[in-house]
Protein chains: 2
Amino acid sequence: MLMPQRQTSMREAILDAAEELFSKNGFRAVSMREIAQASGANLGSISYHFGSKDGLLRAIYERHSGPMNRRRSELLTEAQRIRDPDDRLEAIVRAFILPSLSQSEGSVGGGARFARLRAVVMAERHEEAQKIIAETFNPINLAFIDALQACLPQLPRADIVWRTHFLLGAVSYTLINPWRVTRLSGGEADGENTEEALTQIVRAAVAAFRAPAGSDAAP
Amino acid sequence: MLMPQRQTSMREAILDAAEELFSKNGFRAVSMREIAQASGANLGSISYHFGSKDGLLRAIYERHSGPMNRRRSELLTEAQRIRDPDDRLEAIVRAFILPSLSQSEGSVGGGARFARLRAVVMAERHEEAQKIIAETFNPINLAFIDALQACLPQLPRADIVWRTHFLLGAVSYTLINPWRVTRLSGGEADGENTEEALTQIVRAAVAAFRAPAGSDAAP
DNA sequence: GTCTATATACTGATAGAC
DNA sequence: GTCTATCAGTATATAGAC
């Protein structure tokens with residue numbers, strides 16, 4: 001016997017509305033009343049389905065992180081098959097961030113919204129969120145770091161970690177403030193354009209990873 | 001006649017406490033009662049001195065952004081005197097971020113705390129904060145972009161804006177989550193070490209700025 | 001499962017004594 | 001300038017009718 005494929009459907013409406021609101025305004029700033037109103041649900045129903053506001057957040061993470069990290073894993077495996085180290089490096093970087101940015105990936109509502117949610121909520125330093133994020137993303141991040149190390153054997157692992165961290169920061173910042181790119185460029189670049197953002201960030205990150213190490217390198 | 005050099009001193013105690021709490025926990029999560037308790041002030045005094053919670057935030061920005069951007073301006077001018085374009089690029093990148101990270105810069109309490117505050121508060125998408133940030137930092141950011149463009153004349157301005165944006169994101173992310181570097185590296189790198197962060201981020205950013213443009217470049 | 005009603009606590013802001 | 005007391009609003013969470 002299988003579980004019913006679609007739950008009460010109110011449950012998912014609540015998840016959708018909460019995800020949209022959290023990703024736009026952060027976790028603390030959104031009240032459960034707003035979520036109830038946006039989803040057409042009753043305030044009490046949210047507590048019934050998720051127990052608490054933290055429980056709701058955890059449910060959102062659980063809905064997405066599985067499929068997303070599975071996709072990242074697949075793309076990483078594909079990328080690692082590439083022989084040429086330069087091409088492989090670029091493919092790994094793409095595999096690292098594409099499922100975060102892409103609209104079509106992930107189970108519901110697109111990965112971009114969930115990525116924006118993660119970025120915003122992480123910046124809030126919400127304790128529950130930080131715990132979930134660490135549990136869910138550290139293992140796959142370490143796998144990517146290993147893959148990058150294999151492309152760049154001459155680089156100390158610490159340098160790779162730093163640059164991976166900067167890559168995550170660049171993605172996160174772009175998802176939080178896309179309009180800053182548009183404004184700073186006077187409209188020449190479009191921060192909301194996911195394709196453009198992906199191209200730009202991959203090129204910048206690949207160049208950063210190829211930079212020489214700190215302690216070695218020419219004087 | 002000069003203004004008295006030190007105000008009631010309670011005013012500054014409140015500013016210090018608020019800055020510390022906001023930078024650690026964000027704006028919305030910190031209540032005025034917490035600030036009152038941490039500063040030893042009375043709840044009513046905060047309203048007396050700053051009018052509102054938003055007024056308190058604005059006072060924090062006003063205390064720091066003047067000196068900080070003046071310092072960035074000075075360092076930029078110095079950097080622009082360097083003849084060699086490669087050395088100049090690196091000096092400009094340092095000038096861009098050093099006053100944000102450095103403990104000794106800024107009037108009170110160090111620039112790092114204020115930078116962490118900006119990063120956290122910006123991620124919260126607080127309306128008042130976004131207005132202040134845009135007013136205060138856009139002009140100087142544009143000056144840096146112009147200086148970078150002069151080092152990299154072959155690069156489209158849009159690419160420079162993107163990479164500057166990524167640089168800001170990397171700095172911001174590091175200030176919000178320094179411990180992630182430490183954890184991901186298994187302790188090999190220290191995310192809290194400002195010197196190390198500065199070195200790493202400058203090297204990565206310089207390499208990113210030197211990457212070829214998107215539309216041109218060799219196939 | 002969904003609803004109303006409510007318990008309990010906390011929020012920012014203010015009025016007025018001192 | 002600092003304090004107490006308090007207002008009006010909102011928060012999460014829950015108990016119980018339907």
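Computed from a predicted structure; not experimentally measured. Here is how names work: the chains are called A, B, and so on, in the same order as the sequence lines, proteins then strands, and each is numbered from 1.
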Nucleotides 15-17 of chain C: which of its N/O atoms have a protein N/O under 3.5 Å away?
none

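With distances taken from any side-chain atom of A:Tyr48 to the nucleotides C:dG1, D:dA13, D:dT2, the minimum falls on C:dG1.
Judged by distance alone, with hydrogens and angles left aside, the side-chain atoms of A:Ser172 form no donor-acceptor pair with the main-chain N or O of A:Leu168 at under 3.5 Å. A donor-acceptor pair is defined here as one N or O able to donate and one able to accept, closer than 3.5 Å; such a pair exists between the side chain of A:Glu124 and the backbone of A:Phe27. Of the possible polar contacts, one joining the B:Arg163 side chain to the B:Phe209 backbone as a donor-acceptor pair under 3.5 Å is found.
Contact of the A:Phe114 side chain with the A:Arg63 side chain is not registered, since no non-hydrogen atoms from C-beta on lie closer than 4.5 Å. At a threshold of 4.5 Å between non-hydrogen side-chain atoms, the residues A:Ile132 and A:Glu128 count as touching. Looking at A:Ile35 and A:Leu56, their side chains come closer than 4.5 Å, going by heavy atoms from C-beta outward.
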Mind listing the side-chain donor-acceptor pairs of residues 182-189 of chain A below 3.5 Å, one per line with the distance, residues two or more places apart or on another chain?
unit_1: A:Thr182; atom_1: OG1; unit_2: A:Gly191; atom_2: N; d: 3.1
unit_1: A:Ser185; atom_1: OG; unit_2: A:Val181; atom_2: O; d: 3.0
unit_1: A:Ser185; atom_1: OG; unit_2: A:Thr182; atom_2: O; d: 3.1
unit_1: A:Ser185; atom_1: OG; unit_2: A:Gly187; atom_2: N; d: 3.4
unit_1: A:Ser185; atom_1: OG; unit_2: A:Glu188; atom_2: N; d: 3.3
unit_1: A:Ser185; atom_1: OG; unit_2: A:Ala189; atom_2: N; d: 2.9
unit_1: A:Ser185; atom_1: OG; unit_2: A:Ala189; atom_2: O; d: 3.3

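Evaluation of the salt bridge (Lys or Arg N to Asp or Glu O under 4.0 Å) rule for A:Glu90 yields no partner, not counting sequence neighbours. By the salt bridge (Lys or Arg N to Asp or Glu O under 4.0 Å) test, B:Arg180 pairs with no residue at all, sequence neighbours left out.
The shortest distance between the side-chain N/O atoms of A:Asn42 and the OP1/OP2 oxygens of C:dG1 is not below 4.0 Å.
Going from atom CD1 of A:Ile46 over to atom P of D:dT14 covers 14 Å, rounded to whole Å. Atoms NZ (A:Lys53) and P (D:dA11) sit 9 Å apart, rounded to a whole Å. Distance CZ (A:Phe50) to P (C:dG1): 12 Å, rounded to an integer number of Å. Atom NE2 in A:His49 sits about 12 Å away from atom C1' in C:dC3, given to the nearest Å.
Taking the nucleotide of DNA chain D with the nearest heavy atom to each of B:Ile14 and B:Leu43, the more 5' of the two is matched to B:Ile14.
The CD1 atom of B:Ile14 sits 5.0 Å away from the NE2 atom of B:His49 when rounded to the nearest 0.5 Å.
Counting only Watson-Crick or G-U wobble pairs whose defining distances are both under 3.5 Å, the stems of 3 or more consecutive pairs in DNA chain C are C:1-7 with D:12-18, C:9-18 with D:1-10.
A salt bridge between A:Asp54 and A:Arg58 is absent, with no side-chain N of the basic residue lying under 4.0 Å from a carboxylate O of the acidic one.
If you check residues 20-36 of chain B against DNA chain C, the residues with a heavy atom closer than 4.0 Å are B:Val30, B:Ser31, B:Met32, B:Arg33, listed by number.
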